[in-house]
Novice: 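Just passing along the structure, written as structure tokens.
Small disclaimer: the values here were computed from a predicted structure and weren't measured. Quick note on labels: first sequence line is chain A, next is B, and so on, each numbered from 1.
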Number of protein chains: 4
Amino acid sequence: MAEQRHHGNRHGRSEDARRAVLQAADDLLVEKGFAGVTIEGVASAAGVAKQTIYRWWGSKTDILLDTFLEDAARDLAPQEHETLAEDLRAHLRRLADFLTTNDAGAVFKALIGHAQHDAAFGERLRTQYLEEQRQRDRAPLDRAIERGELPADVDVPAAVDLLVGPIYHRVLMTGDPVDDRFIDMLVEHFLLSYELGHSEPRGSS
Amino acid sequence: MAEQRHHGNRHGRSEDARRAVLQAADDLLVEKGFAGVTIEGVASAAGVAKQTIYRWWGSKTDILLDTFLEDAARDLAPQEHETLAEDLRAHLRRLADFLTTNDAGAVFKALIGHAQHDAAFGERLRTQYLEEQRQRDRAPLDRAIERGELPADVDVPAAVDLLVGPIYHRVLMTGDPVDDRFIDMLVEHFLLSYELGHSEPRGSS
Amino acid sequence: MAEQRHHGNRHGRSEDARRAVLQAADDLLVEKGFAGVTIEGVASAAGVAKQTIYRWWGSKTDILLDTFLEDAARDLAPQEHETLAEDLRAHLRRLADFLTTNDAGAVFKALIGHAQHDAAFGERLRTQYLEEQRQRDRAPLDRAIERGELPADVDVPAAVDLLVGPIYHRVLMTGDPVDDRFIDMLVEHFLLSYELGHSEPRGSS
Amino acid sequence: MAEQRHHGNRHGRSEDARRAVLQAADDLLVEKGFAGVTIEGVASAAGVAKQTIYRWWGSKTDILLDTFLEDAARDLAPQEHETLAEDLRAHLRRLADFLTTNDAGAVFKALIGHAQHDAAFGERLRTQYLEEQRQRDRAPLDRAIERGELPADVDVPAAVDLLVGPIYHRVLMTGDPVDDRFIDMLVEHFLLSYELGHSEPRGSS
DNA sequence: GGATAAGCGAGACGGTACGTCTCGTCTTGTG
DNA sequence: CACAAGACGAGACGTACCGTCTCGCTTATCC
């Protein structure tokens with residue numbers, strides 16, 4: 001059943017308009033930064049009337065959140081590996097890559113930035129992104145517990161904080177690169193603290 | 001010898017005006033949020049002309065940065081304790097408190113938020129706050145190395161990331177409280193990963 | 001079919017807003033003088049956004065010019081009398097009244113004043129007001145030539161200068177009243193110089 | 001006897017500063033127009049402090065009035081000729097030249113323009129320039145009456161209006177050039193209306 | 001000849017208005 | 001009935017000058 005294209009009619013919203021808006025917002029963000037994203041600018045770049053945007057989104061950050069959720073669902077789909085160490089390294093590597101790539105990373109920073117200014121938006125961001133993401137983050141740990149690689153009484157949410165916290169910290173605050181060395185170190189320290197030490201990161205030791 | 005008060009003369013700026021602006025910006029931020037801080041609003045609340053603000057600051061975030069730096073210098077002055085565990089717990093406790101109290105915390109979040117939207121400002125924030133702060137953060141570790149409590153080859157900056165990262169993560173992203181339990185857990189894991197385990201946090205457990 | 005009122009739509013400007021702006025500008029001018037007419041003041045008094053003013057007018061003098069042109073078209077519509085003397089006296093009387101009444105006169109002086117400060121505006125004023133007005137001024141003379149009351153080779157534009165010059169001079173420079181005596185004198189001298197002397201102004205003498 | 005130069009002392013103002021201010025105001029007016037004359041601009045161009053200007057003048061138009069009065073006193077000093085016709089032609093010629101030359105004319109227009117916007121200033125302009133000027137304007141007529149060239153009962157002020165009105169009209173309103181032809185025409189009509197006709201302007205006819 | 005006081009250059013100050021930008025709302029045809 | 005178009009009221013932006021003020025320096029005069 002083919003996509004229905006329409007420019008204003010009585011059969012619901014235009015998918016063309018929706019995609020054009022998301023794309024335009026993304027482009028403007030990458031090109032001119034957050035302040036360069038204005039509703040008027042997006043409308044004009046998308047070839048869409050302002051009212052069409054206001055009909056479907058509440059603010060420019062809502063638009064960006066939509067693009068971000070699409071990207072996250074696409075790029076952060078879970079994978080599985082054999083050992084906890086491998087699983088963690090692969091997962092954190094993908095997370096770090098996602099947060100620092102051009103488009104998704106820029107949108108992410110913009111959203112987190114805005115969340116600091118607007119508590120209600122922060123709450124929405126948490127509900128729509130973070131909660132899901134934390135499910136993905138804990139999966140390797142849950143599997144390790146199932147396999148007996150980790151004790152059953154591990155406080156998984158806290159453990160997730162220990163693992164992803166330093167990554168977000170680098171992305172949002174210090175700006176230092178999140179390279180493989182850093183991720184290896186992170187995983188190794190984590191495992192050591194559970195006395196699972198010497199996980200033998202890639203380059204032996 | 002008393003402070004010289006003046007209302008504009010060749011000896012430079014009015015200290016009254018400076019303080020009034022910082023105070024007004026802080027008040028407005030806490031009261032109405034980041035979007036409620038406007039140059040016009042600050043000027044009016046401070047009883048100061050807009051031009052006086054533009055003469056000395058480049059933007060509203062510059063004003064907030066000034067108030068934040070004053071607060072940080074006041075509230076984050078270093079302290080020393082006898083053991084690494086105590087030192088770390090006390091230090092992280094104070095950091096967490098600072099980042100979550102009403103005024104300083106609100107300003108901090110606003111600044112970090114804005115830094116996500118404006119790379120140049122992010123760089124300034126790093127230079128003027130983060131670098132100093134990282135000196136304060138590493139002090140307990142440096143002292144522990146001197147005392148022989150930690151091996152001399154510890155990668156101190158990376159260790160700092162492990163310790164403060166999860167705290168900033170909670171403050172900026174999850175919104176979870178940074179309570180004593182969390183800090184104890186953080187420190188314990190950190191020490192365990194250096195095989196200094198069982199630091200016996202406050203309440204045994 | 002009634003006037004269509006609208007508050008902004010694709011069919012162009014709001015007539016309500018237009019009238020409110022003209023009225024507010026006029027009121028402010030009479031009440032507080034030229035310096036008291038500010039775009040912000042007009043906007044506020046008219047209950048209109050500044051941008052609406054800038055959308056349709058380029059400056060405060062453009063607004064005043066609009067009100068003036070409407071007034072002039074209404075108040076200076078031509079009339080005809082039987083003899084040149086009567087025609088001239090009536091016409092000059094109406095012109096003088098127009099230039100010295102409260103509203104139109106105040107606007108006129110403001111515009112002429114501004115034209116001295118802004119050559120481009122002067123040019124516009126000449127195109128939009130003066131040229132038409134000179135047509136109205138010369139009409140009595142043209143009719144007199146047709147009737148044979150004046151020789152056919154009279155330099156009409158120069159004659160107009162002789163007649164209206166002294167009136168504008170009093171209005172703009174000396175501030176002396178332009179009373180009937182002055183107008184009679186003006187007309188009499190004019191006619192005498194064409195040896196049509198003793199036009200017997202109202203009060204004999 | 002040398003000029004006393006001083007930069008601040010207890011005995012009165014600096015002549016240097018005064019001249020620099022007048023010159024700077026004049027230059028700015030010619031170069032950038034009336035709106036380009038600002039107190040700050042004059043002060044800066046004259047190398048003078050704002051306060052020095054405010055100490056001696058009340059507004060920018062006061063400065064311009066000072067330069068204008070100096071120019072007028074220099075350029076409009078009276079002269080005498082043998083016949084009324086010659087006297088008038090020479091006098092009006094000089095007046096017209098004065099009003100249309102670059103510097104003095106520009107200042108004159110600026111002042112007259114401002115007088116339309118500020119009645120109090122208009123009054124001052126009348127007192128300090130116009131009254132004197134009208135004395136100079138009537139001198140040729142007074143001399144003609146003395147010589148018997150004109151009847152003793154001529155209304156001299158009204159006659160002055162007839163003569164200079166059209167000139168000011170051209171300068172301030174129409175922008176038409178005030179050439180010799182126009183002045184000859186003006187004088188001839190004036191004389192004809194006193195039945196002194198055919199004054200034989202320069203080039204016969 | 002040291003104190004005094006007015007005029008000066010400098011420039012920060014509290015203000016007002018400028019002209020621009022974007023917001024979010026609205027009204028009106030069109031498809 | 002969603003859409004493109006775009007005028008509208010609102011209000012903050014950053015700039016330009018306003019007129020006032022304090023300051024420290026430079027003289028000319030006076031004690």
Novice: I need the minimum non-hydrogen distance between B/A24 and B/A45, along with the two atoms involved.
Specialist: CB-CB, 3.9 Å
Novice: Thinking salt bridges, do A/R18 and A/D66 make one under a 4.0 Å N-O criterion?
Specialist: no
Novice: In whole Å, I'd like the distance from the CD1 atom of D/I53 to the P atom of E/dG7.
Specialist: 16 Å
Novice: With respect to the side chain of C/E40, which nucleotide from E/dC18, E/dG14, F/dA12 is positioned closest?
Specialist: E/dC18
Novice: Just how far, in rounded Å, is C1' of F/dC8 from CH2 of C/W57?
Specialist: 13 Å
Novice: Of the nucleotides F/dG19, F/dC8, F/dG14, which has the atom closest to the D/I39 side chain?
Specialist: F/dG19
Novice: Donor-acceptor pair under 3.5 Å: do we get one between A/K50's side chain and the base of F/dG6?
Specialist: no
Novice: What's the closest nucleotide to the side chain of D/T38 if the choices are F/dC18, F/dC13, E/dC8?
Specialist: F/dC18
Novice: Rounded to whole Å, please give me the gap between CZ in D/R13 and C1' in F/dA28.
Specialist: 18 Å
Novice: Go through F/dA4, F/dG9, E/dC8 for me and flag the one nearest to the C/A49 side chain.
Specialist: F/dG9
Novice: Using a 4.0 Å heavy-atom cut-off across all strands, classify A/G47 as base, sugar-phosphate, or nothing.
Specialist: sugar-phosphate
Novice: Quick check on DNA chain E: between C/Y54 and B/A46, whose nearest nucleotide comes earlier from the 5' end?
Specialist: B/A46
Novice: What's the CD-C1' distance between A/E15 and F/dC3, to the nearest Å?
Specialist: 15 Å
Novice: Taking only the side-chain heavy atoms of D/Q51 (C-beta and beyond), determine which of F/dC17, F/dT20, F/dC3 contains the nearest atom.
Specialist: F/dT20
Novice: Do the non-hydrogen side-chain atoms of D/L28 and D/T38 ever get within less than 4.5 Å of each other?
Specialist: no
Novice: Rounded to the nearest Å, what distance is computed from the NZ atom of residue B/K60 to the C1' atom of nucleotide F/dG14?
Specialist: 14 Å
Novice: Starting at atom CG of A/D16, determine the distance to atom C1' of E/dG31, rounded to an integer number of angstrom.
Specialist: 15 Å
Novice: May I have the distance from C/I63 (atom CD1) to E/dA17 (atom C1'), rounded to whole angstrom?
Specialist: 14 Å
Novice: Are C/K60 and C/H114 side-chain neighbours, meaning at least one heavy-atom pair lies under 4.5 Å?
Specialist: no
Novice: With a 4.0 Å cutoff (strictly under), does any side-chain N or O of D/W56 reach OP1 or OP2 of E/dC8?
Specialist: yes
Novice: Which nucleotide in the set F/dC18, E/dC13, F/dG14 lies at the smallest distance from any side-chain heavy atom of B/T52?
Specialist: E/dC13
Novice: Is there a side-chain contact between D/W56 and D/T52 in this structure, where contact means two heavy atoms from C-beta onward sitting under 4.5 Å apart?
Specialist: yes
Novice: Quick check on E/dG7: is either OP1 or OP2 less than 4.0 Å from any side-chain nitrogen or oxygen of D/R55?
Specialist: no
